[in-house]
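Report on the following structure.
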2 protein chains.
Amino acid sequence: MATIRDVAKLANVSTATVSRVLNDNGYVNSETKNRVNEAIEQLRYRPNDVARSLFKGSSKMIALFVPDIKNPFFPELARAVEDVTNQYGYTFVLCNTDDNHEKEITYLNALTQKSVDGFIMVSSTICERHLEHVTSPIISLDRRFSSNISSVTVNNRKGAREATAYLQSIGCKKIAHICGPQTASNSKDRLKGYLDVVKYEAWFHSDFIVAGDYRFKSSYEVTKDLLTKHKDIDGLFVANDLMAVGVLKAAESLNMNIPEQLSVIGFDGIPLGLTTTPSLTTIQQPIYEIGSRAAQILLELIDHPEQQVIHEELEVTLIERDSTKRREEA
Amino acid sequence: MATIRDVAKLANVSTATVSRVLNDNGYVNSETKNRVNEAIEQLRYRPNDVARSLFKGSSKMIALFVPDIKNPFFPELARAVEDVTNQYGYTFVLCNTDDNHEKEITYLNALTQKSVDGFIMVSSTICERHLEHVTSPIISLDRRFSSNISSVTVNNRKGAREATAYLQSIGCKKIAHICGPQTASNSKDRLKGYLDVVKYEAWFHSDFIVAGDYRFKSSYEVTKDLLTKHKDIDGLFVANDLMAVGVLKAAESLNMNIPEQLSVIGFDGIPLGLTTTPSLTTIQQPIYEIGSRAAQILLELIDHPEQQVIHEELEVTLIERDSTKRREEA
DNA sequence: TTGTAAGCGTTATCAA
DNA sequence: TTGATAACGCTTACAA
């Protein structure tokens, strides 16, 4: 690979001049500029970004931490982040953390050594004190670490309320909830939203709240149990779509008809909900927008580190599909 | 951030000595080693990888190019690649190319400037001549660029033959095929495999081959058309699972019963096929293994550039699920 | 066993 | 308008 010195020699100028035309700053005679550009072309010269990074102390890279890209919520998020980082000339690093705290810390250190310019994190285990020594900007998604760390979230509690109220509005009399992992703040908020609506109902009973972990399998099993024990449940608010699909499959295996016997509503709005039979009613998050806003805010924070903390909350939308249906009055 | 010089000063040694204990090479007295390590700890010193990269000319980063991480085939692949690269201390860069040639070239150049050590590419547009000036090792996935560029693939043609023969074996009399984009070699091979089996059948007609693009939507539409025109089709081999799910949905909208009236088999074995109703019979690729083998081979190629080109072909497996069913004799 | 110093490829300051 | 040169933080001959 040719270096700036090779170019300088060929064009009969100093490296400083080459650098000037490269970066388009400082005065440079238009004729020598041409000479330099020709030399660049002739040598197929491309500046070495590592050397640039060393000098500048920044790498033009940003990293996204997700628990697992295989979880269908994250590909769209990742895509959004990559789209905007790429648009601004940044390189996109993806890290799967498995919600493992040590792994997160290891990544954080490794990438800091590489002068990565900023982090977007979906994490349940990170909190402020782990970030003390991190000097690059960080933005948390979906879950808020602390008021000092910028975030992009949705109003989970409100969305959960809306989901539950919707089930009531279509005539469900006994509405259960399958929770996400209680380590995740969004999951806690969704539970709260559910409780906001049903807490004082005469029929309400804590048996109607069952624990899941946001994964398909747990909900498949937990649901079979729940629906076998409580045959009077006619509405189910599930903390995320992946688990809601598990519910659909569990009901299928029990020969229960959805939505005739049971209405099911999920949360997230992932594309998977479009391909099930019945298709899934859900509270849709603006996934792409969450990712792209997060990336934009991060890039602003990188350019203006003096800027204050930013918290942005986006809106969710109820999407009616075929897994819910108005109950006929008895 | 502390530098190696700060450590050297605090430990009362030269930077060379610090470097020696850091990299554990060269002689260094065990007592001074302790002093150095204490200084490192005291200053929370972490070596700057950018400086290291500049010196070494390599960055300990590898990149994966996929058309779109939102396509459900790729998250598992990406996960596999990230797992092994991470295990060997490499950083994982993800690029969405949209099958856009210019974008691919731009990424390739940008990452080369960053001294990225190797590339894993899923691409239909790249061929050898675009790679002339790339000096880092490259490995192509799923599609073979040329015999000079290492690859990890599956036997698409054989898998397609197996799929088609399976439909015959369960009694399908007229078997159609929905193709992938003919720009992709895997797609062409799957078509060939289909033809291998049906070409000389008396019923065979070119109308039974319809063009898709590996996406859900195209197949949804194309299928409605096909099934309306040719009501005698009783078997359908679809070039990938995503399109096969489109077929399921199209049949649903036509009130056709799968598998009673029509058996459908896909290709890929993505998790999506487990959540549809009916679940999808398919030719399963070992997706995770493809990714992890590719990454392992790439790392070998990075360590031993003198090594020759490697082509590896993995096996596919027929998975019977609920979208296919033995035809009763008339 | 340790230190000195050159070099990796840039950018930016200062002087000319 | 241009050029010399120090600096970014590290590694590795080579010398001591």
Side-chain angles (χ1 to χ4, degrees), chain A residues 1-37 39-40 43-61 89 109-117 135-136, chain B residues 1-37 39-40 43-61 89 109-117 135-136:
Chain A
M1 288 283 267
T3 76
I4 198 173
R5 256 183 286 268
D6 301 324
V7 176
K9 199 168 291 174
L10 184 60
N12 248 302
V13 295
S14 73
T15 61
T17 303
V18 178
S19 179
R20 284 191 193 99
V21 349
L22 242 35
N23 299 294
D24 205 14
N25 67 22
Y27 298 96
V28 38
N29 184 302
S30 78
E31 202 223 319
T32 60
K33 189 190 242 171
N34 287 338
R35 271 209 329 277
V36 169
N37 279 324
I40 287 175
L43 297 171
R44 301 177 154 280
Y45 167 74
R46 320 240 62 199
N48 180 325
D49 276 336
V50 177
R52 283 183 164 174
S53 291
L54 178 58
F55 186 87
K56 302 249 189 197
S58 94
S59 65
K60 282 273 197 176
M61 299 200 289
N109 288 330
L111 295 175
T112 301
Q113 287 183 243
K114 284 192 145 59
S115 296
V116 162
D117 296 334
T135 49
S136 335
Chain B
M1 287 282 268
T3 76
I4 198 171
R5 256 183 286 271
D6 301 324
V7 176
K9 200 169 290 175
L10 184 61
N12 248 304
V13 295
S14 74
T15 60
T17 304
V18 177
S19 177
R20 285 190 193 100
V21 348
L22 241 36
N23 299 294
D24 206 14
N25 68 21
Y27 298 97
V28 39
N29 183 301
S30 79
E31 204 223 318
T32 61
K33 186 190 245 172
N34 287 339
R35 272 208 330 277
V36 169
N37 279 324
I40 286 176
L43 297 172
R44 301 175 153 283
Y45 167 73
R46 319 238 63 197
N48 180 325
D49 276 336
V50 177
R52 282 182 165 175
S53 291
L54 178 57
F55 184 87
K56 302 248 188 201
S58 94
S59 64
K60 281 271 195 181
M61 299 200 289
N109 289 329
L111 295 175
T112 302
Q113 287 183 244
K114 283 193 145 60
S115 297
V116 162
D117 296 335
T135 49
S136 336

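All chains are named by letter (A, B, ...) in the order of the sequence lines, taking the proteins before the strands, and each is independently numbered beginning at 1. Everything numeric in this text was worked out from a predicted model, so none of it was measured.
At the heavy-atom level, A/Ser53 lies nowhere under 4.0 Å from the strands shown. Contacts of B/Val13 with the nucleic acid, taken as non-hydrogen atoms under 4.0 Å apart, involve only primed sugar atoms and P, OP1 or OP2.
Counting heavy atoms from C-beta outward, A/Arg46 and B/Asn109 have side chains that approach closer than 4.5 Å. Residues B/Asn48 and B/Thr3 have side chains not in contact (no heavy-atom distance under 4.5 Å, counting atoms from C-beta outward). By the 4.5 Å heavy-atom criterion applied to side chains, B/Asp49 and B/Lys56 are not counted as neighbours. Counting heavy atoms from C-beta outward, A/Asp117 and A/Ser59 have side chains that approach closer than 4.5 Å.
Following rounding to the nearest Å, B/Asn48 (CG) and D/dA7 (P) show an atom-to-atom distance of 18 Å. If you take CE of B/Met1 and P of D/dG9, they are 10 Å apart, rounded to a whole angstrom. Distance B/Ile40 CD1 to D/dG9 P: 16 Å, rounded to the nearest Å. Protein atom OH of A/Tyr27 is 17 Å distant from nucleotide atom P of C/dC14, rounded to whole Å. Here D/dG9 presents its C1' atom at 15 Å from CG of B/Leu43, a figure rounded to the nearest Å. Atom pair A/Lys114:NZ and D/dG9:P shows a separation of 17 Å (rounding to whole Å applied).
Both B/Val28 and A/Arg5 sit near DNA chain C, but only B/Val28 has its closest nucleotide nearer the 5' end.
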If the sugar-phosphate is the primed atoms plus P, OP1 and OP2 and the base is the rest, what is the B/S/- string for nucleotides 11-16 of chain D, using protein heavy atoms under 4.0 Å? BBB---
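Between B/Leu10 atom CG and B/Tyr45 atom OH the span is 13.0 Å, to the nearest 0.5 Å. Atoms NZ and CZ, on B/Lys60 and B/Arg52 in that order, are 10.0 Å from each other to the nearest 0.5 Å. Between the OG atom of B/Ser115 and the CE atom of A/Met1 there is a distance of 7.5 Å, given to the nearest 0.5 Å.
Distance from the side chain of B/Leu54 is smallest to C/dC8 among C/dG3, C/dC8, C/dT10.
Close to D/dG9, at under 4.0 Å from its OP1 or OP2, lies no side-chain N or O of B/Thr3.
Partner A/Ser19 forms a side chain to side chain contact (heavy atoms under 4.5 Å, CB included) with one of A/Asn23, A/Thr17, A/Thr15, A/Val21 and no other, that one being A/Asn23.
The bend of the helix from C/dT1-D/dA16 to C/dA16-D/dT1, defined by the angle between the axes of its first five and last five pairs, stands at 50° to the nearest 10°.
The minimum heavy-atom distance between A/Lys114 and B/Val50, with the atom names listed, is O-CG2, 3.7 Å.
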